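Structure first, commentary second.
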Amino acid sequence: MSGQAELPRRSRCCGDFRTEHVGQECCVMGWVHSYRDHGGVIFIDLRDRSGLVQIVADPSTSPGAHAAAERVRSEWVVAAVGRVRPRSAESINPKLATGEVEIITDRIVILTEAETPPFPVDAAEEMDESLRLKWRFIDLRRPQMLDRLRRRHEVVLSARNYLSERGFWEIETPLLINSSPEGARDFLVPSRMNPGHFYALPQSPQLMKQTLMASGVDRYFQMARCLRDEDLRADRQPEHTQIDIEMSFVDEEQVLETVEGLVRHIYRVAKGVDLPDPFPRMTYAEAMLRYGSDKPELRFGLEIIDVSPVVAKSEFRVFTETLANGGQVRGINVKAGACLSRSQLDNLQPTARELGGKGAAYIIYEPDGTWRSPLLKYFPEDVLEELRSLLGGEPGDLFVFGADEPEALAPFMGRLRLHLAGLVGLPGETDDIRPLWVTDFPVFERDSETGGWQAMHHPFTMPKREFLDTMEENPGAVIGQLYDLVINGAELGSGSIRIHDPSIQQRVFRIVGISEEEAERKFSYLLRAFRYGAPPHGGIALGIDRLVSQIVGVKSIREVIAFPKTATGADLMMGAPGPVDDAQLRELHIRPVE
RNA sequence: GGGGCUGUAGCUCAGUUGGUUGAGAGUACCUGACUGUCGAUCAGGGGGUCGCGGGUUCGAGUCCCGUCAGCCCCGCCA
């Protein structure tokens, strides 16, 4: 009877049986993946996380096992005791790793019966994601999903090993901390014992890990949960995990070397590939000019090129007037883009506006060497030729242009580049992995609302030495010791060398408009710690969810998180967030507004 | 806060300009048959608030408005 028989001892996982085990007595346990009842002999494919193995129940030799096998249904949990035997040549199943053997059972123990699952575990087609999330425990049974969990484990384990071997200590920092109003919106946790006071869940352990450096920890890491109450995306969840790293007595170069080594190690262990050594580097300024993004996708070209001097010689008013007003015109050579359909070309204009541009113009260099474009009448032949030369045009290419003031043009061209790449099928199916350090980020940027200066990364970023004397004069020009790790167009990590000198810190706070009282209130313990002797230090945080989703080749980080949330922040399996009792609220001194 | 896409048996989907389909297919499920299958096969059966609400119409799965849910994007995410 279900759940009552004495549990036999499992001898091996289902997927591990091979011809070398033939003749062995064995006991396997798992879920009934499928069964084939031939009236006489019954076959059961038994599944655990290692794979499938075929169990055979023969009524002529084991009527008891056969009777149990007759009752069995999909996803029941059973144990089968028997013996490994080779399959006959005709019945070998090359699709199964265990396909050369099978287990002839003389005893089947039904461990648990199961309701019919809401969707099949071996579903060929993709299910609706909300269904998968509601029944996540079934969804995770799918071999593909278990494999992703395993690979995530391998990423985390390999990171732990690598860092530990290099003297990093894994240290946990609190989840209940104080709120700091700038940056992302905090998740708040009311304090029962302190009416009207709240904890916040950490957006990152930033201040705490820097404090650990002041404590002399020297090298720290943590698999850190980070929580932000902001809107979700395919690559953003309200809680995500970072490999959080901080090192003392190092400069930028040493941090980059360490992190590169770590990331190469992870890819070697979890994906079996060797990444370039060293990673290529590009400054922020160059990335914005050539790729229109601070996270360039390098798996294809389609670089952005300034064509202002050339198109200035055309009579196309949109271009010439933009140039006259201090703007620029930049172009992209979409290799082999002349094959785009008429409707795709017509859609460029509205699409460009959706991407935040003023518009997009195009010129086609036909395979036969002739030109085609609505703009042809404005472009003399020699200007076209000059354009072609500048853009490296070959027959069959498509040139697409945008015009605007430089600050708006760069990000627009970046989005346009990715859109155009998609139209011609780039990057396509490829094993290419293109890591990149983007360095030399500005420390300060204009606040779009107030117009004042704010920290681009965070206010603890150390400006490069050459800007230290003069940073108040032109904050916008100050480059920081700031670096992002980008792989295939995704930002996988971000870090910096931090300010450890209280006087520099004070000046930076002044530039971003944080008063001494405010700084003392928000960052009290860190600033206090630094007054008592802080080492030079820096670090980085790598997003594990993004890293793993890239390693296993999925678009959304939800595919590599066991229990992720929907775009509205709901957990469909557990039904969170949900209402709470009035009594709970009273205890926390909270009353709903309304 | 805004834009786009999707919503029809347990699951994946089809469903023509609104009317012969009193809502279909495959699969899953249930019953029966079958001793070598591995997407088993064969026969039979049960199963639907067409996301929800309102409207237009003689008539709505189909058209209109609203709403809910999921997905993608913008804003947001130091």
Side-chain angles (χ1 to χ4, degrees), chain A residues 33-46 52-61 66 69 73-75 85 87-96 98-99 102 104 115-135 138-139 180-186 203-204 206-207 226-238 240 350-351 353-356 411 415 418-419 441 443-445 447-449 453-461 480 482 491 494 496 508 512 514 522-523 543 555-556 558 564-570 572:
Chain A
H33 192 67
S34 64
Y35 55 93
R36 296 171 291 280
D37 184 346
H38 285 252
V41 67
I42 296 175
F43 301 99
I44 294 173
D45 287 340
L46 199 64
L52 297 176
V53 68
Q54 173 164 283
I55 312 293
V56 184
D58 188 333
S60 63
T61 56
H66 182 267
R73 290 295 179 268
S74 287
E75 299 306 309
R85 70 181 190 191
R87 298 202 196 186
S88 66
E90 319 83 69
S91 62
I92 284 175
N93 183 353
K95 293 181 200 163
L96 289 184
T98 60
E102 62 190 9
I104 177 74
E115 293 180 27
T116 304
F119 51 83
V121 171
D122 63 347
E125 62 267 285
E126 266 310 296
M127 271 88 55
D128 184 71
E129 193 175 352
S130 60
L131 195 76
R132 294 175 54 206
L133 292 178
K134 178 176 179 183
W135 301 91
I138 305 289
D139 189 41
S180 60
E182 78 292 325
R185 198 175 291 117
D186 277 327
Q203 297 171 27
S204 84
Q206 184 63 38
L207 302 189
C226 301
L227 301 110
R228 298 174 187 181
D229 187 7
E230 296 291 347
D231 286 1
L232 289 79
R233 287 284 189 283
D235 63 350
R236 269 162 40 190
Q237 286 270 303
H240 73 286
T351 302
R353 279 190 282 269
E354 282 170 28
L355 296 174
R415 288 189 286 266
L418 295 177
H419 173 74
F441 281 79
V443 174
F444 306 104
E445 64 182 354
D447 188 316
S448 53
E449 287 164 22
W453 293 106
Q454 63 180 12
M456 191 159 185
H457 185 58
H458 58 56
F460 311 109
T461 302
L482 248 177
E491 182 197 315
S494 193
S496 64
V508 168
V512 298
I514 297 178
K522 289 175 179 168
F523 315 119
K555 290 234 162 61
S556 162
R558 293 187 300 273
K565 291 178 175 54
T566 68
T568 53
L572 297 181

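Since we're looking at a predicted model, the values are computed, not measured. Here is how names work: the chains are called A, B, and so on, in the same order as the sequence lines, proteins then strands, and each is numbered from 1.
Stacking between A:Phe43 and B:U37 is shown: the ring centroid lies under 5.5 Å from the centre of the six-membered base ring, and the planes differ by under 30°.
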>> Each nucleotide in nucleotides 23-35 of chain B should get exactly one letter: B, S or -. Can you fill that in based on protein heavy atoms under 4.0 Å?
In response: ------SSS--BB
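Using a 4.0 Å heavy-atom criterion, one finds that A:Leu131 contacts the sugar-phosphate atoms exclusively. As judged by a 4.0 angstrom heavy-atom cut-off over every strand, A:Glu102 is placed among the base-contacting residues. Within the nucleic acid shown, A:Glu126 comes within 4.0 Å of sugar-phosphate atoms alone, with no base atom in reach, counting heavy atoms only.
With a cut-off of 3.5 Å on both Watson-Crick or G-U wobble distances, the partner of B:C71 is given as B:G4.
Taking atom C1' in both B:U57 and B:C64, one finds a spacing of 12 Å when rounded to whole Å. Taking atom P on both nucleotides, B:A23 is separated from B:G48 by 12 Å, rounded to a whole Å. Comparing the P positions of B:G59 and B:G75 gives a spacing of 47 Å, expressed to the nearest Å. With both ends at atom C1', the span from B:U56 to B:G45 equals 41 Å, rounded to whole Å. Comparing the C1' positions of B:G7 and B:U67 gives a spacing of 13 Å, expressed to the nearest Å. Atom name C1', nucleotides B:G19 and B:G61: the rounded distance is 13 Å, in whole Å. Rounded to whole Å, the P atom of B:G47 lies 25 Å from the corresponding atom of B:A60. Remark: the separation of the P atoms in B:U6 and B:G10 is 23 Å, to the nearest Å.
A:Asp128 contributes no side-chain N or O that forms a donor-acceptor pair with the base of B:G7 under 3.5 Å. Side-chain to base pairing of A:Gln54 with B:U37: one donor and one acceptor N or O lie within less than 3.5 Å of each other. Put simply, the side chain of A:Arg353 and the base of B:G3 share no donor and acceptor less than 3.5 Å apart. Residue side chain A:Arg415 does not reach the base of B:C74 through any donor-acceptor N/O pair under 3.5 Å, judged by distance alone. Residue side chain A:Glu115 does not reach the base of B:G10 through any donor-acceptor N/O pair under 3.5 Å, judged by distance alone. Contact of A:Arg228 with B:C77 (side chain to base): no donor-acceptor pair of N or O atoms is detected under 3.5 Å. You'll find a donor-acceptor pair under 3.5 Å spanning the side chain of A:Arg233 and the base of B:G75, going by distance alone.
Separation of atoms CD (A:Gln54) and CZ (A:Arg36) is listed at 5.0 Å; rounding is to 0.5 Å. Taken from SG in A:Cys226 to CD in A:Gln206, the straight-line distance is 10.0 Å, to the nearest 0.5 Å. Rounded to the nearest 0.5 angstrom, A:Thr461 OG1 and A:Leu482 CG are separated by 4.5 Å.
Counting only heavy atoms from C-beta outward, the side chains of A:Leu355 and A:His419 approach each other to under 4.5 Å. Side-chain contact between A:Asn93 and A:Arg87: present, with at least one pair of heavy atoms (C-beta onward) separated by less than 4.5 Å. For the pair A:Phe43/A:Asp45, no side-chain contact is recorded, criterion being any heavy-atom separation below 4.5 Å from C-beta on.
Side-chain proximity of A:Thr566 to the nucleotides B:C77, B:C71, B:G1 is greatest for B:C71. Of the candidate nucleotides B:A78, B:G36, B:C72, B:A78 has the atom nearest to the side chain of A:Ala184.
Residue A:Arg558 places at least one side-chain N or O closer than 4.0 Å to OP1 or OP2 of B:C72. Regarding contacts with the backbone of B:G70, a side-chain N or O of A:Thr568 is found under 4.0 angstrom from either OP1 or OP2.
Within 6.0 Å of the NZ atom in A:Lys134, the count of heavy atoms belonging to other residues, nucleotides or ligands does not exceed 12.
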